[in-house]
> 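Have a look at the structure that comes next, please.
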Amino acid sequence: MSTSEQRRPLGELLVRAGLITPDQLRIALIEQQKRNVPLGKLLVRLGFVSEATLRDALGETLGIRSVSLSHTIIDPEALQLMSRDMARRYRLLPLSFDAGRRRLTLAIYDANDIVALDKVRAHLADDIELDVVLAGESEIVRAIDQHYGHTLSIDGILNEIETGEIDYRSLAMSMDEYSQPVVRLVDALLNDAVKREASDIHFEPEASYLRIRYRIDGLLRQIRVLHKSYWMAMAVRLKVMAGLNIAETRAPQDGRISLYISGREVDFRVSAQPTIHGENLVLRVLDREKGIVPLDALGFNDAQLEQLSLMIARPEGIILVTGPTGSGKTTTLYSVLNHINAEGINIMTLEDPVEYPMTQIRQTSVGDAVKLDFASGVRAMMRQDPDVILVGEIRDRDTADMAFRAAMTGHQVYTTLHTNSALGVIPRLLDIGILPDIMAGNIIGVLAQRLIRRLCAECKRARPAEPHEAQLFGWREDRPPPMVYEPIGCEHCDFLGYRGRLAIVELLRMDADLDELVARRATPRELRNAARAKGFRSLAEDGLKRVLDGITSLAEVARVVDLTDRMALAGTERFG
């Protein structure tokens, strides 16, 4: 919305948007003169607009985010910063508190209430920054009663469950039944997982207990073990939130949950799978704030970024990103699309499913539900005048044929393929049925990647490499052994020794020489030797370079990449 539109009165904006009629506005203005009540509140009382519609319109007018509190998980830490009386008096609700950035997200129904905001700032510590969002007044009042009236900590809720009974009927019928501790327990676990930056949440029923695990930095970590009697109610709550059939427990189901947590929108992709001990639920955490990162923040070094930039600059052809599930392929592709996204080009995607919505990009979900597959999707997309096309994954010959056809007709195509290395793309495409003559000249390049954990900068410790470790770096006995780092563990990294992840990659940028080798079906050894002559570096080499740089440990690289072949190469290769 333009600045001139933001200055227009609320009533006029609602009329222009078609949300109310001019007659309704006149009636509300007459009532406003009689009662001296804000126009927005009058429009809701008269039934001309809903509170949610007014909230969103106000947010757009003022340039402030609006949130639905019925789809928001409240952070107990934030509630402790403000008393219930203060929240009620000024009609506001603390939603989340980021202790690291010292930022409190606050829901308020009247963003122009300077008095209320000044009182809040005077009440809080001087170093706490306010992030204000809009919510409906009745939503705030209801949420204050719900959240200040009940415990929201996981341990407190578990204690409440152990001393009370669970009403399964009200749990299934209502999404806002905060009198039910299981509702708050599920919300608390989702909030906890997002705060710990988990990528997946596993609810795993066993014979006599329920195991809850988070995947953090690529590894599963057990968080809680609960009595199995809790699981039926928790599963019902999660399935209601995800829009799944709560009566169906013998067939797999998929759903999605969208919530406002820790001051941002977070989606959860829900998968229910029947097992011998009950339904197993796995939630993939799709945090939009962390899902799309700048290209230079992916962890690539300068040489890799330069190679990738040269690949992106080529206007037509296909770029493939390879690696196993969970290797960060989607994150890399989104970062590239975000980097090239501009008004002058039309970017279109086919995904299964769309994980992170992006502005100015036409995104389409494929799957059985919409009766659209990748091959037919690309065929239809070609009539939409695209410049750049993202095909989520090449799974069969039809999809591969359409992707290469798009690349040959002047489009830049991005896609993924499941192979173990960049050079493994060529035999994989041959196996699918793509002819070498088609591949030659149409593949811009291949990026293979894995994700490894970063050593915690606060507690990592350096040591000389042992002789058998030093051989991996091409060490000679007449030189001092290289220094490597190992994890220790501290409060900063939750005593794991690692915090965060980065990608190790191998980039294969195709040129005329490599295209000629592909066209005449050269052996993998010939392709590798030609690529190495042009500076190609393998995943193992990139990982070992990160070890020498003190970014990760040798054990972490060995966990992700096969280093057994490095012993045979010791003494013939050096790392700078």
Side-chain angles (χ1 to χ4, degrees), residues 295-296 298-324 327-340 345 347 349 387-394 399-400 403-430 432 434-450 503-522 524 526-542:
L295 203 58
D296 56 4
L298 290 174
F300 296 175
N301 60 37
D302 292 341
Q304 291 165 345
L305 278 175
E306 183 181 356
Q307 287 289 306
L308 184 58
S309 297
L310 289 172
M311 289 163 57
I312 294 171
R314 186 167 153 183
E316 69 277 324
I318 188 166
I319 296 175
L320 297 109
V321 181
T322 78
S327 60
K329 300 188 298 294
T330 301
T331 299
T332 298
L333 285 172
Y334 275 138
S335 296
V336 171
L337 293 186
N338 191 53
H339 178 74
I340 65 175
I345 61 173
I347 303 175
T349 76
D387 296 299
V388 177
I389 295 173
L390 167 67
V391 181
E393 182 183 347
I394 289 181
T399 305
F404 273 91
R405 187 176 301 177
M408 288 187 290
T409 52
H411 302 88
Q412 192 180 60
V413 180
Y414 294 88
T415 188
T416 68
L417 191 67
H418 285 288
T419 65
N420 291 326
S421 66
L423 289 166
V425 162
I426 307 302
R428 174 69 178 130
L429 289 173
L430 285 170
I432 288 176
I434 302 299
L435 296 174
D437 293 340
I438 299 296
M439 283 189 271
N442 290 309
I443 299 178
I444 298 174
V446 185
L447 186 153
Q449 68 179 63
R450 301 289 189 276
I504 55 172
V505 302
E506 53 184 33
L507 276 165
L508 178 67
R509 188 165 71 88
M510 301 296 289
D511 59 13
D513 295 333
L514 291 173
D515 283 336
E516 184 179 344
L517 290 173
V518 170
R520 64 179 179 83
R521 294 179 181 261
E526 289 178 300
L527 283 169
R528 175 174 290 276
N529 290 339
R532 293 190 69 81
K534 297 175 183 296
F536 174 77
R537 173 181 283 173
S538 69
L539 285 169
E541 291 171 309
D542 192 32

> Might you point out which heavy atoms bring A422 and A448 nearest each other, and give the distance in Å?
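Nearest heavy atoms, A422 then A448: N-CB, 3.5 Å.
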> Hey, is the main chain of G323 close enough, under 3.5 Å, to the side chain of H418 for a donor-acceptor pair?
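Judged by distance alone, yes, a pair lies under 3.5 Å.
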> For D515 and G441, indicate whether the former's side chain and the latter's backbone hold a donor-acceptor pair under 3.5 Å.
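Confirmed, D515 side chain pairs with G441 backbone.
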> At their closest point, which heavy atom of M439 faces which heavy atom of V518, and how far apart are they?
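For M439 and V518, the tightest heavy-atom pair comes out as CB-CG1, 4.0 Å.
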> Yes or no on side-chain contact (heavy atoms from CB on, under 4.5 Å) for I438 and M408, after CA distance, side-chain angles and deciding distance?
CA-CA 9 Å; I438 299 296; M408 288 187 290; 4.3 Å; yes
> Quick check: are there more than 12 heavy atoms from other residues, nucleotides or ligands sitting under 6.0 Å from CG of N420?
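Not more than 12 within 6.0 Å, no.
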> Return the minimal non-hydrogen interatomic distance between Q449 and T332, and the atom names on each side.
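So the two residues come closest at OE1-OG1, 2.8 Å.
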> Taking atom CZ of R314 as the centre, report whether more than 12 heavy atoms of other residues, nucleotides or ligands fall under 6.0 Å from it.
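Atom CZ in R314 is packed in, count exceeds 12.
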> Indicate yes or no: does R450 engage E506 in a salt bridge with an N to O separation below 4.0 Å.
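A salt bridge is absent here (no side-chain N lies under 4.0 Å from a carboxylate O).
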> For T322, does its backbone N or O pair with a side-chain atom of T419 as donor and acceptor, under 3.5 Å?
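No; judged by distance alone, with no hydrogens or angles, the pair does not exist.
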> Taking the side chain as everything from C-beta on, heavy atoms only, tell me whether L514 gets closer than 4.5 Å to I443.
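They are not in side-chain contact.
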> Judged by atom type as modelled, is there a donor-acceptor pair below 3.5 Å linking the side chain of Q307 to the main-chain atoms of Q304?
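A pair under 3.5 Å: no.
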> Just verifying a value: how many Å separate L447 CG and L333 CG, rounded to the nearest 0.5 Å?
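The CG atom of L447 sits 8.5 Å away from the CG atom of L333.
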> Can you tell me how far CD1 of I389 sits from OG1 of T349, rounded to the nearest 0.5 angstrom?
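Nearest 0.5 Å value for the OG1-CD1 distance: 10.5 Å.
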> Which pair of non-hydrogen atoms, one from A407 and one from I318, has the smallest distance, and what is that distance?
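Closest pair (atom of A407, atom of I318, distance): CB-N, 4.0 Å.
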> Test your reading of the model: is there a side-chain donor-acceptor pair from N529 to the backbone of R532, 3.5 Å cut-off?
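Checking the backbone N and O of R532 against the side chain of N529, no donor-acceptor pair under 3.5 Å is found.
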> Do L423 and F536 come close enough that some side-chain heavy atom pair is under 4.5 Å?
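L423 reaches F536 side chain to side chain.
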> What pair of heavy atoms forms the shortest contact from I432 to A400, and how long is it?
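Where I432 meets A400 most closely, the heavy atoms are CG2-CB, 4.1 Å.
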> Could you tell me whether the side chains of N442 and E316 share a donor-acceptor contact shorter than 3.5 Å?
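Judged by distance alone, the side chains do not pair up.
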> Rounded to the nearest 0.5 Å, what's the gap from OG on S309 to CZ on R509? Could you check?
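Answer rounded to 0.5 Å: 10.5 Å.
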> At what distance, to the nearest 0.5 angstrom, does CG of L320 lie from NZ of K329?
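If we round to the nearest 0.5 Å, L320:CG and K329:NZ are 12.0 Å apart.
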> Check whether any side-chain N or O of H411 sits under 3.5 Å from a backbone N or O of A406 as a donor-acceptor pair, and report yes or no.
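Yes, the answer is positive, given that a donor and an acceptor are paired below the 3.5 Å cut-off.
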> Can you confirm whether L298 sits close enough to L305 that some side-chain heavy atom of one is under 4.5 Å from a side-chain heavy atom of the other?
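The answer is no; the side chains never approach within 4.5 Å.
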> Do L337 and H339 make a side-chain contact, defined as non-hydrogen atoms from C-beta onward lying under 4.5 Å apart?
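No, every pair of side-chain atoms sits at 4.5 Å or beyond.
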> Would you give the length of the straight line joining atom CE of M311 to atom CD of Q412, rounded to the nearest 0.5 angstrom?
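Between M311 CE and Q412 CD, I get 9.5 Å after rounding to 0.5 Å.
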> What I'd like to find out is whether the side chain of I312 reaches to under 4.5 Å of the side chain of L295, using heavy atoms alone.
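The answer is yes, as the side chains (C-beta and beyond) meet within the 4.5 Å cut-off.
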> To the nearest 0.5 Å, tell me how far T415 OG1 sits from I319 CD1.
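Here the interatomic distance stands at 11.5 Å.
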> Between A519 and D437, which heavy-atom pair has the shortest distance, and what is it?
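Closest pair (atom of A519, atom of D437, distance): O-OD1, 4.1 Å.
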> Evaluate the side-chain proximity of I340 to Y414: yes if any heavy-atom separation is below 4.5 Å, no if none is.
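In contact.
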> Taking atom CD of E516 as the centre, does the number of heavy atoms from other residues, nucleotides or ligands within less than 6.0 Å exceed 12?
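Result for CD/E516: open.
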> Please determine whether side-chain contact (heavy atoms from CB on, under 4.5 Å) holds for the pair M510 and V446, giving the CA-CA distance in whole Å, both sets of side-chain angles, and the decisive distance to 0.1 Å.
CA-CA 8 Å; M510 301 296 289; V446 185; 5.5 Å; no
> State, yes or no, whether a side-chain contact exists between N301 and D542 at a heavy-atom distance under 4.5 Å.
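SC-SC contact between N301 and D542 confirmed.
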